[in-house]
Amino acid sequence: MSSETSAPAASPRAPRPGTLKSSGAVTKKGDRGGKEKPTPVLPSVGEEEPKNPEEYQCTGILEIDFAELCTRSGYTDFPKVVPRPRPHPTFVTSSSMSEKPILAPLPPDDQRLSGSCSLNSVESKYVFFRPTIQVELEAEDKAVKEIYIRGWKVDDRILGIFWKCLPPLSQLQAICLWKVGLTDQTLSTLIALLPLCSPTLRKVSLEGNPLPEQSYHKLMSVDSTIAHLSLRNNNIDDQGARLLGQALSTLHSCNRALVSLNLGFNHIGDQGAEHIANGLRLNRSLLWLSLAHNRIRDKGALKLAEVLRPFELTHTEVVERRRLLLEKGSQERSRSPSSSRHGDSKTDREKSQLMGVSSVAMVDKTDKMQATKTPKGLGKKKEKTGEVVKKEEKSGSGQSPTQGTPKKEDSTKAGKGKVTIPEQKPIKGKGPKTGSKEKRSILLESEQLVAETTEMVNPLLEPVEHRDGKVFMPGNKVLLHLNLLRNYITEVGLEGFLTAVQYQVQFKSKSVTKGPVGLLWLSLAKNCFPPQSPMYAMIQELMLPRDPISKTKREDDILGLPS
């Protein structure tokens with residue numbers, strides 16, 4: 001059409017960042033809102049070639065691809081892709097952009113740079129705060145590995161452009177969005193985009209983006225590959241914490257990819273902390289959790305401390321555990337006819353132990369003297385395992401309709417040892433006489449190996465204890481870092497954490513595993529108890545030898561090395 005012209009160069013009076021250029025000369029001001037649609041593809045502009053973002057083939061260079069896609073989408077002024085700024089070792093500016101020097105005078109080479117950066121003009125401040133896409137680059141090939149966007153709105157149209165230019169970034173590792181005006185709808189679009197990006201993308205940070213529906217839990221779905229998630233300063237309350245706790249784990253689902261979760265600076269109270277604690281009951285992947293600067297009091301603190309030491313399984317969890325044990329036994333028996341009479345090699349025994357056979361047999365001290373070691377091949381051993389399952393479940397609360405009747409030969413052949421003991425000897429090289437807690441720690445280490453190589457063992461199949469007709473799990477010993485700084489915890493909640501830490505320290509002292517077991521770092525400072533509290537001092541004294549940073553610092557002090 002005659003009214004259509006090519007995209008002109010930026011005029012001296014350019015529109016605001018992120019604005020669109022109208023595609024016709026007769027466009028009225030009131031028509032702008034009607035032409036904007038939620039779809040990421042905008043009307044074409046220009047006549048030399050079709051201006052359609054979907055027809056552009058991205059090169060994998062974010063600076064070029066983003067600029068070209070924005071131009072084809074009709075943007076006349078859009079954020080630029082720039083390297084993420086790093087503080088100069090000798091040039092420090094105040095948060096208010098003051099011209100007054102803060103440190104000593106700069107070297108002559110840096111004086112001109114300092115003067116240009118501290119100009120008290122509207123133009124210099126506008127350039128500093130102008131929307132940009134900051135990137136971290138790989139040192140070798142300058143490929144984009146991290147993307148940082150702060151302080152400007154990311155809407156559906158920008159996400160539509162990201163949908164095109166982010167997947168070709170083969171080394172992308174992190175996306176950090178700070179105060180970008182996300183909505184529940186744009187978050188759903190972002191979540192759909194993440195699986196299309198490189199498999200190296202493991203970190204997502206959405207801070208300062210409060211959502212009405214608090215749908216952050218969608219980032220923690222069962223098939224999510226995000227390992228590090230930061231949701232600070234999002235006004236997450238108890239309802240949002242309930243959704244996040246369910247995403248960590250439920251009776252039938254569990255997130256197995258998330259390693260660290262930052263929920264600091266939110267509005268999580270006692271009920272929210274209880275929901276998070278419920279999520280930690282059956283989660284065995286989360287290592288780092290921050291609940292700093294929230295509204296947690298003693299009730300929520302006690303719930304968090306409870307999952308760090310042996311806790312009682314609910315009736316529903318006991319029934320599900322029995323179902324899993326019986327299912328595991330039936331699967332093993334269904335595969336037993338294919339095994340040869342003398343085919344129980346050392347490798348087969350180790351593989352069976354890693355896949356959970358030992359977790360069925362080695363359940364508690366009661367069953368330890370009643371399991372049977374059959375020297376006639378894998379088939380017989382698996383049949384006896386099924387009998388041990390029934391025996392173990394009868395010694396529990398006895399409320400499940402699926403429990404079976406133990407056979408007499410289980411008790412007559414007691415004393416021959418458990419089939420799992422010789423299977424564990426090659427792992428640690430220890431003798432056959434080991435304590436029950438040592439055996440359990442060996443088993444937990446084996447399950448961690450399973451998580452790395454094949455799949456994670458269901459926590460309900462972990463070794464348990466039976467006391468007064470109740471079933472107790474050993475507690476979550478996978479969580480290594482817990483931050484509860486600046487909440488409202490008093491000495492009542494402090495006592496619960498002291499009990500949990502004492503148990504974990506005792507468990508660690510009797511363990512033969514080399515890896516960490518239980519908390520290595522616990523922050524309870526700035527709460528509602530006096531700093532000189534005896535219980536707080538005891539917790540710090542118990543945690544100090546476990547803290548790897550403090551331990552390294554002490555070793556450096558002994559060796560005389562600089563810190």
Side-chain angles (χ1 to χ4, degrees), residues 178-179 182-184 187 205-220 229-251 254-255 258 260-283 286-309 311-312 314 475-476 479-501 519 521-531 533 535-536 539:
W178 182 76
K179 291 189 177 181
L182 283 182
T183 64
D184 290 283
L187 177 61
S205 177
L206 305 178
E207 300 182 0
N209 294 281
L211 301 179
E213 299 180 7
Q214 304 191 57
S215 52
Y216 309 101
H217 64 283
K218 296 179 180 178
L219 291 160
M220 300 163 51
L229 180 61
S230 180
L231 299 173
R232 295 195 309 168
N233 197 24
N234 285 331
N235 297 341
I236 299 175
D237 57 16
D238 292 343
Q239 173 63 18
R242 181 182 67 83
L243 299 173
L244 292 172
Q246 292 175 352
L248 284 174
S249 75
T250 63
L251 196 61
C254 180
N255 181 290
L258 195 63
S260 68
L261 177 61
N262 193 337
L263 298 176
F265 294 89
N266 282 290
H267 301 160
I268 299 175
D270 284 341
Q271 292 184 356
E274 183 175 354
H275 292 310
I276 299 296
N278 290 336
L280 293 175
R281 290 170 69 93
L282 301 180
N283 182 285
L286 191 68
L287 307 178
W288 194 99
L289 174 63
S290 176
L291 291 167
H293 292 265
N294 276 278
R295 303 172 180 179
I296 302 173
R297 299 181 183 273
D298 291 331
K299 183 179 179 181
L302 290 174
K303 289 294 182 180
L304 289 169
E306 179 183 313
V307 299
L308 302 177
R309 60 180 189 268
F311 58 85
E312 180 187 352
T314 64
N476 188 323
L479 187 68
L480 306 180
H481 177 115
L482 179 59
N483 189 352
L484 290 167
L485 177 75
R486 288 193 182 274
N487 280 273
Y488 300 96
I489 304 172
T490 70
E491 291 188 336
V492 176
L494 205 61
E495 184 177 2
F497 280 106
L498 176 59
T499 304
V501 170
L519 287 177
W521 194 86
L522 174 63
S523 176
L524 293 168
K526 309 297 182 182
N527 275 276
C528 297
F529 54 81
S533 169
M535 285 188 293
Y536 183 56
I539 292 177

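All values below were derived from every heavy atom in this structure, side-chain atoms included, with hydrogens, water molecules and symmetry-related copies excluded.
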- Task: Could you walk me through whether L485 and S523 pass side-chain contact (heavy atoms from CB on, under 4.5 Å), step by step?
- Result: CA-CA 6 Å; L485 177 75; S523 176; 3.9 Å; yes
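- Nearest heavy atoms, L248 versus C254: O-SG, 3.5 Å.
- L251 contributes atom CG, which lies 11.5 Å from atom CG of N278 (distance to the nearest 0.5 angstrom).
- For the residue pair K179 and N233, the shortest heavy atom distance occurs at CE-ND2, 4.3 Å.
- Only one option out of L231, L219, I268 pairs with L244 in a side-chain contact (heavy atoms from CB on, under 4.5 Å); it is L231.
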Could you pull out all donor-acceptor pairs under 3.5 Å where a side-chain atom in residues 491-499 meets a protein atom, sequence neighbours excluded?
residue : atom : partner : partner atom : Å
E491    : OE2  : S533    : OG           : 2.9
T499    : OG1  : E495    : O            : 3.1

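- Residues L524 and F529 meet the side-chain proximity criterion, which asks for heavy atoms closer than 4.5 Å.
- Nearest heavy-atom pair, I236 versus A241, reported as atom, atom and distance to 0.1 Å: CG2-N, 3.9 Å.
- In this structure, CD1 on I296 lies 11.5 Å from CG on L302, to the nearest 0.5 angstrom.
- Residues passing the side chain to side chain contact (heavy atoms under 4.5 Å, CB included) test with N262 are S230, R232, W288, S290, sequence neighbours excluded.
- K218 meets the side chain to side chain contact (heavy atoms under 4.5 Å, CB included) test with S188, I191, S215; sequence neighbours excluded.
- Across every non-hydrogen atom of C528 and Y488, the tightest pair is SG-CA, 3.7 Å.
- One finds the CG atom of L287 at 12.0 Å from the CG atom of L261 (value rounded to the nearest 0.5 Å).
- For H217, there are no ring-ring contact (aromatic ring centres under 6.0 Å, His included) partners at least two apart in sequence or on another chain.
- Taking R297 as the reference, nothing meets the side chain to side chain donor-acceptor pair (under 3.5 Å) condition, with sequence neighbours excluded.
- Of the possible donor and acceptor atoms, one in the side chain of N209 sits under 3.5 Å from a partner among the backbone N and O of E207.
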Begin from the C-alpha positions of D298 and I489 and carry the test side-chain contact (heavy atoms from CB on, under 4.5 Å) through to its verdict. CA-CA 5 Å; D298 291 331; I489 304 172; 3.7 Å; yes
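- A distance of 9.5 Å separates CZ of R295 from CG of N266, quoted to the nearest 0.5 Å.
- Annotation: the span from I276 atom CD1 to L482 atom CG amounts to 11.0 Å, rounded to 0.5 Å.
- A donor-acceptor contact shorter than 3.5 Å links the side chain of N294 to the backbone of L263.
- Using a 4.5 Å cut-off on side-chain heavy atoms (C-beta onward), N527 and T490 make no contact.
- Remark: S260 engages H228 in a side chain to side chain donor-acceptor pair (under 3.5 Å) (not counting sequence neighbours).
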If you apply the rule side-chain contact (heavy atoms from CB on, under 4.5 Å), what do you find for N234 with L211, and how did you get there?
CA-CA 7 Å; N234 285 331; L211 301 179; over 6 Å; no
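- Taking the ring-ring contact (aromatic ring centres under 6.0 Å, His included) definition, one finds that W521 meets it with H481, sequence neighbours left out.
- Remark: the backbone N or O of L479 is not paired with any side-chain donor or acceptor of N283 at under 3.5 angstrom.
- Across N235 and H267, no two heavy atoms sit closer than the pair OD1-CE1, 3.4 Å.
- Scanning for side chain to side chain donor-acceptor pair (under 3.5 Å) contacts around D237 gives Q214, with sequence neighbours left out.
- Qualifying side chain to side chain contact (heavy atoms under 4.5 Å, CB included) partners for Q246, counting only residues two or more places apart in sequence or in other chains: R242, L243, T250.
- Residues L289 and L280 are in side-chain contact: their nearest non-hydrogen atoms beyond the backbone lie under 4.5 Å apart.
- Shortest non-hydrogen contact noted between S249 and G279 is OG-O, 2.6 Å.
- Each salt bridge (charged side-chain N to carboxylate O under 4.0 Å, His left out) pair with one or both residues in residues 266-283, not counting sequence neighbours, appears once here: R281-E317.
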